[in-house]
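Quick note: residue numbers are just sequence positions, from 1.
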Amino acid sequence: MKQFRVLVLAVISAVLVSCGTTNTVPITGRQQSLMVSDGDILSLSTQQYSEFMKTAKLSTNAANTAMVKRVGQNLANAVTTYLKAVGLQNDLQYYTWQFNLVQNQEVNAWCMPGGLICVYEGILPVTQDEASLAIVLGHEIAHAVARHSAEQMSTQMKQQYGIQALGSLATVLGVGANAVSIGQAVAATGLNFANLKYSRNHESEADHMGLIFSAMAGYNPQSAITFWQRMASLNQNQNTSEFLSDHPSDATRIQQIQGWMPEAMQYYNAVKAQSATRTTTTKATTKTAPKTSTTTKKTTKKK
């Protein structure tokens, strides 16, 4: 009987951990299992973002504010075009893009589900130009498009189910309550370390996707290298081990970005070629227009 109960609990635990929908991340093609969607948490995200903006002080620098909104919207337009092109137009209903620059000297920017993005003034001296700002905003937009928040929540839910199942199984096996508590604490600690690596994977994926999004929007992706080199110089006095961090090291980031650069440059060169074609067409049309006007005038004089 005891073995039967153990088997039942094990099966239930496996079902809980494996349930959810499978989704494919754009650009990278990675498969992810989601128990919640951005649609499920969009209302909460919007509320939290609104509450933050009520207490935050918006930047008084009109030029920088306009730059953040302009670059952000260019990226959002490129992402919208891409999602439509790959048949993901239904996902667009979950995005209400907002780009705000706030008075905070911390070198940071972040994104909530739904494309609600906040940029701190402190990061602008590091970005220095619009192309590097596009790298930062593309990275944040990628978190939203890849549904990283929903995936993190889904993972936490599965882990919680696993810890609860561990307690149930131990109780059925006759293990004391104190031993169960210790086992759950150890499991939770182990999962925290796992989540650090899990978050680093998301950061790397956002770097990859953000690089491509920037290129799609017409910003030179090669600016990502110099941007992260500046970040490395800024962080050179920090000795945080990558293993204990939820972000990749600057050196790792630069190496990965160099590996993705050929892919990004294909998108960037395609955008430049399209832009050059439009420019040539516009110039040809402009040159033709005056000739038509002159001909009309001469005809009128003859009459």
key: Under 4.5 Å side-chain linkage, directly or through intermediates, the cluster mates of Tyr94   = none
ask   = For Ile225 and Ile254, which heavy atoms make the closest approach, and how far apart are they?
value = CD1-O, 4.1 Å
Transitive ILVMFWY cluster of Phe52, excluding itself - 4.5 Å side-chain cut-off = Tyr49, Met53, Leu58, Val102, Trp110, Met112, Leu116, Tyr120
ask   = Any salt bridge (charged side-chain N to carboxylate O under 4.0 Å, His left out) pairs touching residues 49-72, not counting sequence neighbours?
value = Arg70-Glu130
message = Nearest 0.5 angstrom please: Ser233 OG to Trp228 CH2, how far?
response = 12.5 Å
note = In short, Val25 meets Ala146 closest at the heavy-atom pair CG1-CB, 3.8 Å
request  = Compare every heavy atom of Ser223 with every heavy atom of Thr226, then report the nearest pair and how far apart it is.
outcome  = OG1-O, 3.0 Å
task = Apply ring pair (Phe, Tyr, Trp, His ring centres under 6.0 Å) to His139 and list each qualifying residue two or more places apart in sequence or on a separate chain.
result = His143
message = Just so I know, are the side chains of Tyr219 and Ile135 near enough to count as touching, which here means a heavy-atom distance under 4.5 Å?
response = no
key: Residue pairs involving residues 101-113 (criterion salt bridge (charged side-chain N to carboxylate O under 4.0 Å, His left out); sequence neighbours excluded)   = none
inquiry  = For the CG atom of Asn108 and the SG atom of Cys118, what is their distance to the nearest 0.5 Å?
reply    = 8.5 Å
request  = Apply ring pair (Phe, Tyr, Trp, His ring centres under 6.0 Å) to Tyr82 and list each qualifying residue two or more places apart in sequence or on a separate chain.
outcome  = none
request  = Can you measure from CH2 (Trp97) to CG (Leu92) and round to the nearest 0.5 angstrom?
outcome  = 8.5 Å
ask   = What residue among Val79, Val145, Ile141 forms side-chain contact (heavy atoms from CB on, under 4.5 Å) with Tyr95?
value = Val145
query = Can you tell me how far the CZ atom of Phe227 sits from the OG atom of Ser132, to the nearest 0.5 Å?
reply = 7.0 Å
Only pairs under 3.5 Å count here: list side-chain donor-acceptor contacts from residues 256-263, not counting sequence neighbours, and write none if there are none.
| unit_1 | atom_1 | unit_2 | atom_2 | d |
| --- | --- | --- | --- | --- |
| Gln256 | OE1 | Ser204 | OG | 3.1 |
| Glu263 | OE1 | His208 | NE2 | 2.9 |

ask   = Quick one: which of Glu151, His148, Glu205 gives a side chain to side chain donor-acceptor pair (under 3.5 Å) with Gln32?
value = Glu151
query = Among side-chain atoms of Asn77 and Gln73, is any donor-acceptor pair under 3.5 angstrom?
reply = yes
inquiry  = If you compare all heavy atoms of Ser149 against all heavy atoms of Ile41, which two are closest, and at what distance to 0.1 Å?
reply    = CB-CD1, 4.3 Å
query = Could you give all pairs that pass the salt bridge (charged side-chain N to carboxylate O under 4.0 Å, His left out) test and reach residues 79-95, with sequence neighbours left out?
reply = Asp91-Arg147
key: Euclidean distance, Asp207 CG relative to His247 NE2, rounded to 0.5 Å   = 8.5 Å
request  = For Ser154 and Met35, indicate whether the former's side chain and the latter's backbone hold a donor-acceptor pair under 3.5 Å.
outcome  = yes
query = Could you give the distance from OG1 (Thr24) to CD1 (Ile27), rounded to the nearest 0.5 Å?
reply = 12.5 Å
request  = Side-chain contact test, heavy atoms from C-beta onward, threshold under 4.5 Å: evaluate it for Lys272 versus Asn269 and give yes or no.
outcome  = yes
Linked hydrophobic residues, Leu44 as query - side chain contacts closer than 4.5 Å = none
inquiry  = When you measure from the side chain of Arg230 to the backbone of Thr127, do you find a donor-acceptor pair of N or O atoms at a distance under 3.5 Å?
reply    = yes
task = Mind listing the closest non-hydrogen atom pair of Ala224 and Leu211 along with its distance?
result = CB-CD1, 3.6 Å
ask   = Do you know the tightest heavy-atom contact between Val136 and Ala109?
value = CG1-CB, 3.9 Å
Minimum side-chain heavy-atom gap Pro221-Ser214 below 4.5 Å = no
query = Under the side chain to side chain contact (heavy atoms under 4.5 Å, CB included) criterion, do Val107 and Met231 qualify, and how do the steps go?
reply = CA-CA 9 Å; Val107 181; Met231 284 292 291; 3.9 Å; yes
Donor-acceptor pair between Thr252 and Ser249 side chains, under 3.5 angstrom = yes
message = Less than 4.5 Å apart, side chain to side chain, heavy atoms only: is that true for Pro26 and Val86?
response = no
ask   = Can you check side chain to side chain contact (heavy atoms under 4.5 Å, CB included) on Gln103 and Thr60, steps first, answer last?
value = CA-CA 8 Å; Gln103 297 180 43; Thr60 58; 3.6 Å; yes
inquiry  = Who clusters with Val271? Use side-chain heavy atoms, under 4.5 angstrom, across I, L, V, M, F, W and Y, and order the result by chain and number.
reply    = none
request  = With side chain to side chain contact (heavy atoms under 4.5 Å, CB included) as the test, would you mind laying out the steps for Val119 and Phe99 before giving the verdict?
outcome  = CA-CA 7 Å; Val119 178; Phe99 304 91; over 6 Å; no
key: Heavy-atom side-chain contact between Leu137 and Ile117 under 4.5 Å   = yes
message = Going by the rule salt bridge (Lys or Arg N to Asp or Glu O under 4.0 Å), which residues pair with Glu121 if we only count those two or more places apart in sequence or in a different chain?
response = none
query = Which residue pairs satisfy the salt bridge (charged side-chain N to carboxylate O under 4.0 Å, His left out) criterion with at least one member in residues 133-143, sequence neighbours excluded?
reply = none
request  = Taking the side chain as every heavy atom from C-beta outward, state whether Leu124 and Asn64 have any pair of such atoms under 4.5 Å apart.
outcome  = yes
